[in-house]
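Below is one structure, written out as structure tokens; the observations come after it.
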Amino acid sequence: MTLHADARAVLGAWTAPDAGQEELRRSYLDHLDAHPDAMWRTCLPGHLTASSAIISADGSKVALVLHRIHKMWLQTGGHCETEDTTLAGAALREATEESGIRGLTLLPEPVRLDRHAVPCGGGSFHLDVQYAALAPSDAVLVVDPQESSGLDWFPVDDLPEPSDDVVRDLVATAARAVRADGAARSDPRPA
């Protein structure tokens, strides 16, 4: 399966949590159908990207990166690369590269979608597929100056400035998803 086909399958199967997210989901699918190169940054009308909010093992903190160019605290993530075979794999690769954390676990399906303007190719859009990543209890952040200007843990309910509503919404949604996943795993009743 190609990365394009994986993205189509993931978004085709994903249940959006509200009407706004459903509208984005459908627009992403339309974009994939219209652009065979929709996964690559060379697709200038817009291209799919993969990101994640890295949540601490106890669910109380999120790891955010200080973006080198935008000078904002953001989630990990970015462009898909030729070696990526799945959207989830791209999100996990980016999270690992940007945080330095080994042993991250990605929840199996996206938690949100976000479409935003970017300067790629003189002006384009990122059609971001956002995941929740769970850090192991012994996680150690390692700042890579090639990736960011800073990296730190923050309380999920008290994010640093400058940030934006997209990050706040993703962190809140990812933290809820991680807590729900943990509760489901610890529930002794059969599924």
With no hydrogens and no angle check, is any side-chain donor or acceptor of [X] less than 3.5 Å from a backbone partner on [Y]?
X: R41; Y: H79; answer: no
X: S148; Y: L151; answer: no
X: E81; Y: E83; answer: no
X: T76; Y: E94; answer: no
X: W14; Y: R25; answer: no
X: S51; Y: G77; answer: no

How many angstroms lie between [atom1] in [X] and [atom2] in [Y], if you round to the nearest 0.5 Å?
X: D30; Y: L11; atom1: CG; atom2: CG; value: 11.0 Å
X: L66; Y: K71; atom1: CG; atom2: NZ; value: 6.5 Å
X: D181; Y: L107; atom1: CG; atom2: CG; value: 5.0 Å
X: R168; Y: D158; atom1: CZ; atom2: CG; value: 11.0 Å
X: T15; Y: E109; atom1: OG1; atom2: CD; value: 7.0 Å
X: R112; Y: Y131; atom1: CZ; atom2: OH; value: 14.5 Å

Locate the shortest heavy-atom distance separating [X] from [Y]; write the atom from each residue and the value.
X: A135; Y: I101; result: CB-CD1, 4.3 Å
X: Q75; Y: V65; result: O-CG2, 3.9 Å
X: A50; Y: A90; result: CB-CB, 3.9 Å
X: A95; Y: S52; result: CB-OG, 3.5 Å
X: W40; Y: L3; result: CH2-CD2, 3.7 Å
X: A57; Y: P136; result: CB-C, 4.0 Å

For the residue pair D128 and Q130, confirm or rule out a side-chain donor-acceptor distance under 3.5 Å.
->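 Distance-only check passes for D128 and Q130.
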Is there a path of hydrophobic side-chain contacts, each under 4.5 Å between heavy atoms, that joins [X] and [Y]?
X: W73; Y: V167; value: yes
X: I54; Y: V143; value: yes
X: L87; Y: Y28; value: yes
X: L92; Y: L113; value: yes
X: L159; Y: M72; value: yes

Hey, would you say the H47 and H31 ring centroids sit under 6.0 Å apart?
-> no
May I ask you to test the [X]-[Y] pair for a side-chain heavy-atom distance under 4.5 Å?
X: R26; Y: Q21; result: no
X: L64; Y: P160; result: yes
X: L104; Y: S99; result: yes
X: H35; Y: C43; result: yes
X: F125; Y: H116; result: no

Verdict with supporting geometry, R8 and L29, side chain to side chain contact (heavy atoms under 4.5 Å, CB included) = CA-CA 6 Å; R8 184 95 185 50; L29 289 169; 3.1 Å; yes
Please walk me through it: do C120 and H126 pass side chain to side chain contact (heavy atoms under 4.5 Å, CB included)?
-> CA-CA 9 Å; C120 297; H126 278 178; 3.6 Å; yes
Test: D84 and R93 ion pair at under 4.0 Å | yes
L32 and L48: side chain to side chain contact (heavy atoms under 4.5 Å, CB included), yes or no, with the steps?
-> CA-CA 9 Å; L32 284 163; L48 273 73; 4.1 Å; yes
Walk me through it: do H67 and S149 pass the test side chain to side chain contact (heavy atoms under 4.5 Å, CB included)?
-> CA-CA 6 Å; H67 196 278; S149 296; over 6 Å; no
